[in-house]
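Notes follow once the structure below has been shown.
Sequence positions, counted from 1, serve as the residue numbers for this chain. Just so we're clear, the structure is a prediction, and the values are computed from it rather than from any experiment.
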Amino acid sequence: MKYLILSDLHIGKGSYLQNGEFNILEDFFEDDRFYEFCDYFSTNEYYSKPVTIVLNGDILNLIQIDTDGVFTHVVDEHMTVRQIDDIAKGHPRFFAGLKKFLRAPHKRVVYVVGNHDAGMLFEGAQQRFKEICGNEIIFTETFIENGLHVEHGHRFEAINTVPKTKQFIKGPAGKEILNFPWGSLFCINVLPRLKKERPYIDKVRPMSSYVKWCLFNDTRFFWRLMFTCVNYVIKTYSNYYTRQNTNFKTTIKILQQITIYPKYERMARRILDRNSSIHTVVMGHTHLQEWRRFPEGRYYFNTGTWNNIPSIDAGKHQDTLSLTYCTVNVHQESSSLINASMNQWMGQWKPYIEELRTS
């Protein structure tokens with residue numbers, strides 16, 4: 001069994017809005033490359049082989065999709081279905097790729113829900129996604145099969161998660177709405193305004209260095225950023241639908257998690273320690289490609305992102321775009337690991353580069 005795992009595509013409504021303006025909230029521009037990816041692994045030598053694509057969270061950027069020009073944290077099932085329809089109109093090639101892949105025999109798609117696409121927890125949203133793709137798709141928050149453990153990774157950050165028993169709350173008129181964590185509320189209510197001034201603000205790595213750089217080189221924006229963030233925190237304490245997530249304990253946890261995208265190899269180690277049958281842990285969320293080999297031939301991979309990542313590291317001073325994904329090959333009978341690799345998709349003529357491979 002071959003598993004292909006990728007994450008953090010952050011697909012929005014498309015490159016251009018209905019009025020012809022460029023969509024500054026769109027992060028995904030690799031529709032053709034993704035179609036070629038799906039085509040390659042569902043034709044020729046792979047046509048009849050069992051292959052599973054695992055979309056590991058933040059595939060759809062639902063928390064940065066407006067509805068009739070309005071950004072809101074009061075999101076119900078009906079609104080999420082409309083958002084999915086808007087995304088499908090803006091990215092027909094992406095969904096055509098999934099359709100083509102699923103038409104081949106022995107092919108599956110697993111959708112692991114992340115923090116930017118929490119709306120996919122609604123049954124109606126899942127059904128609409130399946131209808132667009134023309135086939136059955138497995139939805140889950142954690143995918144475990146044949147010794148492989150896949151999850152997005154946001155649950156390890158207090159700023160990006162809520163208890164599983166409180167993912168939904170009662171909204172206006174008694175409707176069930178999503179219970180967003182602080183990080184998602186920031187992306188919905190604040191980030192769109194900041195991106196109008198600095199479109200790259202949520203992509204720069206390392207973020208801590210960028211904030212320091214702003215203090216000395218973009219001082220006015222730095223103070224606007226600080227004021228906006230403080231004002232946002234105060235509002236979340238007073239808002240009826242968000243204050244249940246703003247207790248003292250949660251605030252302390254958030255303050256302790258200084259970096260937005262911490263490394264997750266320690267969490268992967270804990271998962272492996274708790275379940276001896278797991279040989280490979282794969283996460284996303286951080287947008288940073290990485291891997292670790294643990295004793296007994298067990299592994300952790302992070303698949304990075306298919307989005308453009310600006311960097312202000314002194315040695316780079318350039319944007320980075322790597323269409324990275326993880327391949328895991330497993331014996332179906334014994335669930336033992338054959339090999340795993342980190343790959344970079346290159347396109348139709350030179351399909352991929354194998355950046356590293358387990359023995």
- Message: Quick check against the 3.5 Å criterion: does Asn23 have a side-chain atom that pairs as donor or acceptor with the backbone of Ser15?
- Response: no
- Flag the pair Gln332 / Glu145 as yes when at least one side-chain heavy-atom distance between them is below 4.5 Å, and no otherwise. no
- Do Phe180 and Val75 come close enough that some side-chain heavy atom pair is under 4.5 Å? yes
- Donor-acceptor contact below 3.5 Å, side chain Asn302 vs main chain Gly304: yes
- Query: How long is the gap from CG on Asn146 to CG on Asn329, to the nearest 0.5 Å?
  - Reply: 11.5 Å
- State which residues pass side chain to side chain contact (heavy atoms under 4.5 Å, CB included) with Lys99; sequence neighbours excluded, sorted by chain then number. Arg103
- Using atom types as modelled and distance alone, determine if a side-chain donor or acceptor of Thr161 lies under 3.5 Å from a backbone N or O of Glu157. no
- Query: Does one side chain, of Gln167 or Glu141, offer a donor that lies under 3.5 Å from an acceptor on the other?
  - Reply: yes
- Task: Look up atom CZ in Phe71 and atom CD in Gln64, then write down how far apart they are to the nearest 0.5 Å.
- Result: 7.5 Å
- Query: Out of curiosity, Asn343 CG to Thr303 OG1, how far, rounded to the nearest 0.5 Å?
  - Reply: 11.5 Å
- What residue among Phe37, Phe29, Phe34 forms ring pair (Phe, Tyr, Trp, His ring centres under 6.0 Å) with Phe94? Phe34
- Query: Hey, quick one: are Val81 and Leu60 part of the same hydrophobic cluster, counting side-chain heavy atoms closer than 4.5 Å, chains of contacts allowed?
  - Reply: no
- Task: Verify, without hydrogens or angle tests, whether Arg298 (side chain) and Ile278 (backbone) share a donor-acceptor contact under 3.5 angstrom.
- Result: yes
- Query: Less than 6.0 Å separating the ring centroids of Phe222 and Phe216?
  - Reply: no
- Task: Can you sort out the partners of Thr52 under side chain to side chain contact (heavy atoms under 4.5 Å, CB included), two or more places apart, ordered by chain and number?
- Result: Met1, Tyr3, Val54, Arg108, Val110
- Query: Looking at residues at least two apart in the chain, or sitting in another chain, which of them share a salt bridge (Lys or Arg N to Asp or Glu O under 4.0 Å) with Glu136?
  - Reply: Lys130
- Task: Go through the steps to decide whether His10 and Asn307 satisfy the test side chain to side chain donor-acceptor pair (under 3.5 Å), and finish with yes or no.
- Result: CA-CA 8 Å; His10 290 254; Asn307 295 163; 4.6 Å; no
- Co-members of Met346 in a cluster of I, L, V, M, F, W and Y side chains, linked at under 4.5 Å: Ile353
- Query: Are the side chains of Leu4 and Val328 in touch, meaning some heavy atoms are under 4.5 Å apart?
  - Reply: no
- Message: Just by distance, no angles: are the side chains of Glu151 and His285 close enough, under 3.5 Å, to form a donor-acceptor pair?
- Response: no
- Message: Taking transitive links into account, so neighbours of neighbours count too, which hydrophobic residues share a cluster with Val70 at under 4.5 Å side-chain distance?
- Response: none
- Task: State yes or no: are the ring centers of Tyr300 and Tyr264 separated by less than 6.0 Å?
- Result: no
- Task: Keeping the roles fixed (side chain from Gln83, backbone from Ile65), state whether a donor-acceptor pair exists under 3.5 Å.
- Result: yes
- Is a side-chain N or O of Glu26 found less than 3.5 angstrom from the main chain of Gly14, in a donor-acceptor match? yes
- Please check if any side-chain donor atom of Lys166 sits under 3.5 Å from a side-chain acceptor atom of Asn179, or the reverse. no
- Item | Pairing residues for Arg93 by the salt bridge (Lys or Arg N to Asp or Glu O under 4.0 Å) criterion, not counting sequence neighbours | Asp32
- Note on the structure: Distance col, row Ile63:CD1 vs Ser184:OG, nearest 0.5 angstrom, shows 4.0 Å
- Would you indicate whether Phe227, at its atom CZ, is surrounded by more than 12 heavy atoms from other residues, nucleotides or ligands within a distance under 6.0 Å? no
- Item | Spatial distance of atom NZ (Lys195) from atom CD1 (Ile201) [nearest 0.5 Å] | 9.5 Å
- Item | Student check: side-chain heavy atoms of Val113 and Thr140 closer than 4.5 Å | no
Would you be so kind as to tabulate the donor-acceptor pairs closer than 3.5 Å made by side chains of residues 117-127, with sequence neighbours excluded?
from: Asp117; atom 1: OD1; to: Asp58; atom 2: N; distance (Å): 3.4
from: Asp117; atom 1: OD1; to: Gly114; atom 2: N; distance (Å): 2.6
from: Asp117; atom 1: OD2; to: Asp58; atom 2: N; distance (Å): 2.9
from: Asp117; atom 1: OD2; to: Ile59; atom 2: N; distance (Å): 3.0
from: Asp117; atom 1: OD2; to: Tyr111; atom 2: OH; distance (Å): 2.7
from: Gln126; atom 1: NE2; to: Met120; atom 2: O; distance (Å): 2.8

- Query: Is Phe41 reachable from Tyr47 through a run of I, L, V, M, F, W or Y residues, each pair having side-chain heavy atoms under 4.5 Å apart?
  - Reply: no
- Would you indicate whether the side-chain heavy atoms of Phe101 and Ile53 approach each other to under 4.5 Å? yes
- Message: Any donor-acceptor pair under 3.5 Å linking the side-chain atoms of Gln344 with those of Gln289?
- Response: no
- Sequence neighbours excluded, which residues qualify as side chain to side chain contact (heavy atoms under 4.5 Å, CB included) partners of Asp86? Lys13
- Message: Closer than 3.5 angstrom, by distance alone: can the side chain of His91 be matched with the main-chain N or O of Asp31 as a donor-acceptor pair?
- Response: no
- Message: Between Leu17 and Ile84, is there shared hydrophobic-cluster membership here, with clusters defined by ILVMFWY side-chain heavy atoms closer than 4.5 Å?
- Response: no
- Item | Ala96: partners by side chain to side chain contact (heavy atoms under 4.5 Å, CB included), with sequence neighbours left out | Tyr35
- Qualifying residue for side-chain contact (heavy atoms from CB on, under 4.5 Å) with Trp306, from Leu321, Leu9, Asp8: Leu9
- Item | Donor-acceptor contact below 3.5 Å, side chain Arg198 vs main chain Leu194 | no
- Query: So Trp345 and Tyr352, would you call those rings parallel, tilted or perpendicular, with 30° and 60° as cut-offs?
  - Reply: parallel
- Message: Can you see whether Asn56 engages Ser7 through a side-chain donor-acceptor pair at a distance of less than 3.5 angstrom?
- Response: no
- Note, Ile188 side chain near Thr72 side chain (heavy atom, < 4.5 Å): no
- Query: Does one side chain, of Thr358 or Asn339, offer a donor that lies under 3.5 Å from an acceptor on the other?
  - Reply: no
- Check whether any side-chain N or O of Lys100 sits under 3.5 Å from a backbone N or O of Leu98 as a donor-acceptor pair, and report yes or no. no
- Query: Less than 6.0 Å separating the ring centroids of His152 and His116?
  - Reply: no
- Gap between atom NZ of Lys107 and atom CG of Asn135 - 0.5 Å precision: 12.0 Å
- Kindly assign one of parallel, tilted or perpendicular to the pair Trp291 and Tyr299, based on the angle between their ring planes and the thresholds 30° and 60°. parallel
- If a pair satisfies side-chain hydrogen bond (donor to acceptor under 3.5 Å, both in side chains) and one of its residues is in residues 220-230, list it, with sequence neighbours excluded. Glu197-Arg224
- List in chain and number order the residues that pass salt bridge (Lys or Arg N to Asp or Glu O under 4.0 Å) with Glu296, two or more places apart in sequence or in another chain; answer none if no residue qualifies. none
Sequence neighbours excluded and cut-off under 3.5 Å, please list the side-chain donor-acceptor pairs for residues 266-275, or say none.
from: Arg269; atom 1: NE; to: Asp273; atom 2: OD1; distance (Å): 3.1
from: Arg269; atom 1: NH2; to: Asp273; atom 2: OD1; distance (Å): 2.9
from: Asn275; atom 1: OD1; to: Ser277; atom 2: N; distance (Å): 3.0
from: Asn275; atom 1: OD1; to: Ser277; atom 2: OG; distance (Å): 2.5

- Just do the side chain to side chain contact (heavy atoms under 4.5 Å, CB included) check on Phe168 and Leu178 with the steps written out, would you? CA-CA 5 Å; Phe168 301 99; Leu178 288 171; 3.6 Å; yes
